[in-house]
Amino acid sequence: VSWITLDLWFYKHTQWGIDFLEKYAKFVKERIEIEQNYAKQLRNLVKKYCPKRSSKDEEPRFTSCIAFFNILNELNDYAGQREVVAEEMGHRVYGELMRYSHDLKTERKMHLQEGRKAQQYLDMCWKQMDNSKKKFERECREAEKAQQSYERLDNDTNATKADVEKAKQQLNLRTHMADENKNEYAAQLQNFNGEQHKHYYIVIPQIYKQLQEMDERRTIKLSECYRGFADSERKVIPIISKCLEGMILAAKSVDEHRDSQLVIDCFKSGFEPPGDFPFEDYSQNIYRTISDGTISTPKQEGMRIDSKTTVGKSKGKLWLFGKKPKGPALEDFSHLPPEQRRKKLQQRIDELNRELQKETDQKDALIKMKDVYEKNPQMGDPSSLQPKLAETMSNMDRLRMEIHKNEAWLSEVEGKVAARSDRRHSSDINHLVTQGRESPEGSYTDDANQEVRGPPQQHAHTNEFDDEFEDDDPLPAIGHCKAIYPFDGHNEGTLAMKEGEILYIIEEDKGDGWTRARRQNGEEGYVPTSYIDVTLEKNSKGAVTYI
């Protein structure tokens, strides 16, 4: 009974050990799924709140915005580390457990088969011994019967000598067979006892020992997997700490004064505060009536200032606390304050110059293609390019006219700003003398009756701000490049470069084959993308940091 109990215990315990191993493997698998889902949700969260850079206006410039986007980048890296944890657990723990569980089942099955074979062999030896024992017992009974028959015939006086002799021979035969079966039984018994001793003292203990070693290895493997489960996360803790430190540094980088200055630079209007109101003496007529000898100088019409008009114009500029006037957006941006008008015009001129450069490049390409067709008529008809060439020349003329017109408006604005600066200096000397009046678009004149006014449609509406203003600061460098080939840069808007020269990248190729670059001296222009080897800074694409 003790041996049977031990067999059942080993059988059940080893099966329980494998079941527990698979149970822990299932736990690790569910933990991996949690890590993967967590990382996926973090990435979706980052993607949801990351800015969609559809235009330059949406690029973050305030330090608070830049800090938030840096935090999003760090959080995205943090999500990547959670994925690393899941991958490490899957490879080092879960995969190892499943492989070892399969090997463990195979080994356990082999040991149990060896135990069954040993038991079957012992049972076979017992059956052989039992058969020889039964045969010996049967032959002994037959010998006893032959002995009794012989003794009966030998004592019987009526029995013939032949019957007695026959009974004696039968007794001798049975006795001989009994002796042989006795020897066979003794040999089988000795063999069975030896096999039984070997079974219970050598074979079965060896199988038990192998099962025990197998179970101990299973326990050791579980311990290693427990350690690997923790190490998978402990390895990424330094990187996660760096991500958290990056978030803290992003929070410390917020500068409220810099953000305020950006707002001021972005939305400054260029308007001057209204000057002091002059004293208007209405008592001159009284003094003249009282004293006939008093000579009063008639008040000049040009020196009279309409307080309602002045106050109205002054209030029109205080849009933060007053009512914002409404009016349509004009082509020359005269509806904007001077500073914002200058920025808008400069931006438009830059865009027109880029378009003109594209049209110029297209014209050069068409002319080269036309020359090739003229030299090789089989490649194409030169006259087929004439309509496209004419259209390109027309577009170039139109763009040049637009550039000239906008440059004239820009010169006008810059001239007014300079004149206002000179007048502001002179008005500080004697602020009681009215130097002039401000026109709706911010122009000044010395004569109040000859106030410079814009077109009729501009005079009907007061200035208003747009919701968004472009920044006039130079674009920051998002990378650098090395010139592979020299480029002459004869065309307008291009930048000449020498082979091996290092330039800063301030605007990537938009698909037209040109990249905007800048030298260290500040000179900017476009260079062919195929002529340079570009290297962008990390996280620079679409995430330019303004300094």
Side-chain angles (χ1 to χ4, degrees), residues 53-56 331-332 344-411 470 474-475 477-536 540-542:
R53 307 292 167 78
S54 58
S55 64
K56 181 184 175 182
E331 182 184 5
D332 61 351
K344 287 287 186 180
L345 288 173
Q346 186 63 53
Q347 179 188 5
R348 180 187 286 174
I349 291 173
D350 293 340
E351 293 176 355
L352 291 173
N353 282 326
R354 286 195 292 269
E355 293 180 8
L356 179 61
Q357 183 61 42
K358 292 180 181 178
E359 295 293 337
T360 303
D361 295 339
Q362 185 175 359
K363 182 199 72 172
D364 295 341
L366 290 172
I367 291 176
K368 291 180 181 178
M369 189 179 296
K370 184 178 179 181
D371 293 340
V372 172
Y373 286 174
E374 289 177 351
K375 295 178 181 179
N376 302 290
Q378 68 275 10
M379 297 183 65
D381 186 9
S383 60
S384 62
L385 301 176
Q386 191 62 34
K388 185 64 177 178
L389 187 60
E391 180 184 355
T392 303
M393 297 295 292
S394 176
N395 292 337
M396 291 175 60
D397 294 338
R398 176 181 58 79
L399 290 172
R400 289 193 183 98
M401 292 178 62
E402 289 290 331
I403 292 173
H404 179 72
K405 181 170 61 174
N406 283 273
E407 286 178 346
W409 288 336
L410 180 62
S411 300
E470 296 292 337
L475 291 174
I478 62 175
H480 63 277
C481 67
K482 181 179 180 181
I484 304 176
Y485 310 105
F487 180 64
D488 52 14
H490 291 327
N491 294 329
E492 184 178 0
T494 59
L495 182 66
M497 61 182 181
K498 300 178 182 179
E499 182 178 355
E501 185 177 0
I502 304 298
L503 304 174
Y504 293 112
I505 299 296
I506 58 176
E507 186 176 325
E508 294 185 66
D509 190 351
K510 302 299 183 181
D512 54 1
W514 294 89
T515 301
R516 190 174 179 182
R518 180 171 58 212
R519 286 198 178 94
Q520 294 183 357
N521 60 5
E523 186 179 357
E524 298 181 0
Y526 287 87
V527 296
T529 305
S530 59
Y531 281 39
I532 58 176
D533 183 13
V534 179
T535 302
L536 296 178
S540 63
K541 186 175 182 181

message: When you compare the side chain of Thr494 with that of Trp514, does any pair of heavy atoms fall below 4.5 Å?
response: yes
Which atom of Asp509 lies closest to which atom of Thr529, heavy atoms considered: OD2-OG1, 2.9 Å
Partners passing side-chain hydrogen bond (donor to acceptor under 3.5 Å, both in side chains) against Trp409 (at least two apart in sequence or in another chain): none
message: Contact between Ile505 and Val534 at the side-chain level, heavy atoms closer than 4.5 Å - yes or no?
response: yes
query: How long is the span from the CD1 atom in Ile502 to the SG atom in Cys481, to the nearest 0.5 Å?
result: 7.5 Å
Using distance only, find each side-chain donor-acceptor pair of residues 362-369 under 3.5 Å and give its atom names and separation, not counting sequence neighbours.
none

query: Would a distance-only check, ignoring hydrogens and angles, find a side-chain to backbone donor-acceptor pair under 3.5 Å from Ser411 to Glu407?
result: yes
- prompt: Looking at side-chain heavy atoms only, is the closest gap between Arg354 and Gln357 below 4.5 Å?
  reply: no
- prompt: Is there side-chain contact between Leu495 and Arg518, with at least one heavy-atom pair below 4.5 Å?
  reply: no
- prompt: Can you check whether Gln386 reaches Lys370 side chain to side chain, under 4.5 Å on heavy atoms?
  reply: yes
- prompt: Going from CG on Asp371 to CG on Leu385, what distance comes out if it is rounded to the nearest 0.5 angstrom?
  reply: 10.0 Å
task: Just do the side-chain contact (heavy atoms from CB on, under 4.5 Å) check on Leu503 and Ile532 with the steps written out, would you?
output: CA-CA 9 Å; Leu503 304 174; Ile532 58 176; 5.6 Å; no
- prompt: What is the distance from atom OG of Ser384 to atom OH of Tyr373, rounded to the nearest 0.5 Å?
  reply: 6.0 Å
- line: Heavy atoms of Tyr485 and Ser530 approach each other most closely as CE1-O, 3.9 Å
query: Applying salt bridge (charged side-chain N to carboxylate O under 4.0 Å, His left out), which residue pairs with at least one partner in residues 387-398 are found, sequence neighbours left out?
result: Asp397-Arg400
statement: Residues pairing under salt bridge (charged side-chain N to carboxylate O under 4.0 Å, His left out) where one sits in residues 493-507, two or more places apart or in two chains, turn out to be Glu501-Arg519, Glu507-Arg516
field: Salt bridge present between Glu351 and Arg348 (N-O < 4.0 angstrom)
entry: no
Student check: side-chain heavy atoms of Glu524 and Ile506 closer than 4.5 Å: yes
- request: Indicate whether any N or O donor in one side chain lies under 3.5 Å from an N or O acceptor in the other, for Thr360 and Asn491.
  value: no
- prompt: How long is the span from the CD1 atom in Ile349 to the NZ atom in Lys344, to the nearest 0.5 Å?
  reply: 14.0 Å
- request: Would you please name every residue forming a side-chain contact (heavy atoms from CB on, under 4.5 Å) with Val372, sequence neighbours left out?
  value: Asn376, Met379
message: For the CG atom of Leu389 and the OG atom of Ser383, what is their distance to the nearest 0.5 Å?
response: 12.0 Å
- request: Check the pair Glu508, Leu536 against side-chain contact (heavy atoms from CB on, under 4.5 Å), reporting the backbone distance first and the verdict last.
  value: CA-CA 9 Å; Glu508 294 185 66; Leu536 296 178; 3.4 Å; yes
- prompt: Taking only residues two or more places apart in sequence, or in another chain, which ones meet Asn395 in a side-chain hydrogen bond (donor to acceptor under 3.5 Å, both in side chains)?
  reply: none
message: With no hydrogens and no angle check, just 3.5 Å: does a side-chain donor-acceptor pair link Gln346 and Asp350?
response: yes
query: Heavy atoms, side chains only, cut-off 4.5 Å: are Tyr526 and Thr515 in contact?
result: no
